[in-house]
Amino acid sequence: MSIISLSGVQKHFGDYHALRGIDLEIAGGEFFSLLGPSGCGKTTLLRVIAGFEDVSEGTVLLSGRDMEGVPANRRPTNMVFQSYAIFPHLSVAENVGFGLRRAAMSRGEKAAAVEEALGMVGLAGYGARKANALSGGQRQRVALARALILKPKVLLLDEPLSALDKKLREQMQAELRRLQRSVGITFILVTHDQEEALIMSDRIAVMFEGRIAQLADPQTLYRRPVSRQVAQFIGMMSFLPGRIAGAEVTVAGLGRASVEDDQCPAGRADGDVSVGIRPELLSLLAPGEDTDRQLAHGAVTERTYYGDMTYYDVALDGTDAEVTISMKNLPGRAVLERGDAARVAWDARSLVIFP
Ligand code: ATP
């Protein structure tokens, strides 16, 4: 059974229509992410689930129970905020135990619960420290422990890692994922960082302008995005004009290829289409190199070095369209310069077709 079930959820702020018909089922134990650009409504959706916002229309069920009129503190959810919101003058243990202050537990039981929660987030033994003496990453862990100690069925995380620097953020992403697996509770993460969502989630809802544009597991979202908008939000994709006739697509600059239905996530019909391809699914051949793959020709217009990878923009012969190609920087691999002729290897199965 779904632990969270939303149907027909609409949210208006005065004239502003922030959520425009959200239907969503989230299973117990899932790591679920709401991903989208700033202002798309993901925080509003999280706050609707938490009970910090009423819905204008629609229903919110948690564990099968209608949440209409149920305040945030009576819901089986707990929220971890972007700005950690911990009390700097209190100790770590006091911060973590804050939610238990009215619980019918003995002092010893509370102390044990605090120590258990600190252990979960890798801060065992830190209880006596002052919160303001902690690093950013440690504060974030205190905020997590404070939420986990209440044993919520659902933990709601609003951009919890956005204040951390890149290295620490990557480390905390792995830790959060491990923690979620070990405690087994449902995590719902709000993020605008597509890489973070792909790394951490079982499933992701991509939102634009108050609607869910696509809901899928990370692989499907990346490989078979339902629109150009989703494709460009989740990584990089080049688009070429094309035309579908029956079983075949003709792609400007590439040539002809057969098309399977799964390559048309938004549906398939004869006529003009836009054909998408990811940079890592194209390769530049070295001079003299042979290939079994299909071959296209063009010229390098730009080269961008990223350390482990080089990205090439290539203008394909016979079209104004360009494609971006990423190549791993391996020892001995030839580097092409701007203006060099390019031979591009590609595969029919890598193409994604949009109406
Ligand atoms: P961000 O990543 O920037 O936080 P978001 O996707 O989380 O963006 P929301 O915070 O859900 O976006 O906001 C969605 C829209 O609703 C925004 O245009 C915002 O200005 C508007 N909005 C949110 N809360 C209110 C409010 N209390 N009153 C009026 N408008 C609001």
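Counting starts at 1 for both ligands and their atoms, in listed order.
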Can you find an N/O atom of Phe13 closer than 3.5 Å to an N/O atom of ligand 1? no
For ligand 1 and Leu45, I'd like to know whether there is a polar contact (N/O to N/O, distance under 3.5 Å). no
Just distances here: any N/O of His192 and N/O of ligand 1 closer than 3.5 Å? no
Linked, directly or transitively: Leu161 and Ile86 (ILVMFWY side chains, under 4.5 Å): yes
Looking only at non-hydrogen atoms, find the nearest pair between Ser258 and Ala348 and report the distance. O-CB, 3.9 Å
Report the member of Gly41, Ser162, Gly210, Ser38 with the shortest heavy-atom distance to atom 12 (O) of ligand 1. Gly41
Contact atoms of ligand 1, heavy-atom distance to Thr43 under 4.0 Å: 4 (O), 5 (P), 7 (O), 10 (O), 11 (O)
Considering only heavy atoms, does Ala18 approach ligand 1 within less than 4.0 Å through its side chain, its backbone, both, or neither? side chain
Can you find an N or O of Thr44 that's nearer than 3.5 Å to an N or O of ligand 1? yes
Please say whether the positively charged group of Arg228, taken as NZ for Lys or CZ for Arg, lies over the ring of Phe239, i.e. under 6.0 angstrom from the six-membered ring centre and within 45 degrees of the axis. yes
Find all atoms of ligand 1 within a distance of less than 4.0 Å from any non-hydrogen atom belonging to Gly39, and give their numbers and elements. 1 (P), 3 (O), 5 (P), 6 (O), 8 (O), 12 (O), 14 (C), 15 (C)
Arg101, CZ: over 12 other non-hydrogen atoms inside 6.0 angstrom: yes
Report the C-alpha distance between Arg181 and Asp202 in whole Å, list the side-chain angles of each, state the deciding distance to 0.1 Å, and finish with yes or no for salt bridge (Lys or Arg N to Asp or Glu O under 4.0 Å). CA-CA 11 Å; Arg181 286 208 187 101; Asp202 294 314; 5.9 Å; no
Tell me whether ligand 1 is touched by Pro37 - counting only heavy atoms on the residue side and a distance under 4.0 Å. yes
So do Arg343 and Leu295 actually touch side chain to side chain, heavy atoms under 4.5 Å? yes
Consider ligand 1: state whether an atom of it lies below 4.0 angstrom from any non-hydrogen atom of Gly36. no
Taking side chain as C-beta onward, heavy atoms only, is Ser63 less than 4.5 Å from Lys153? yes
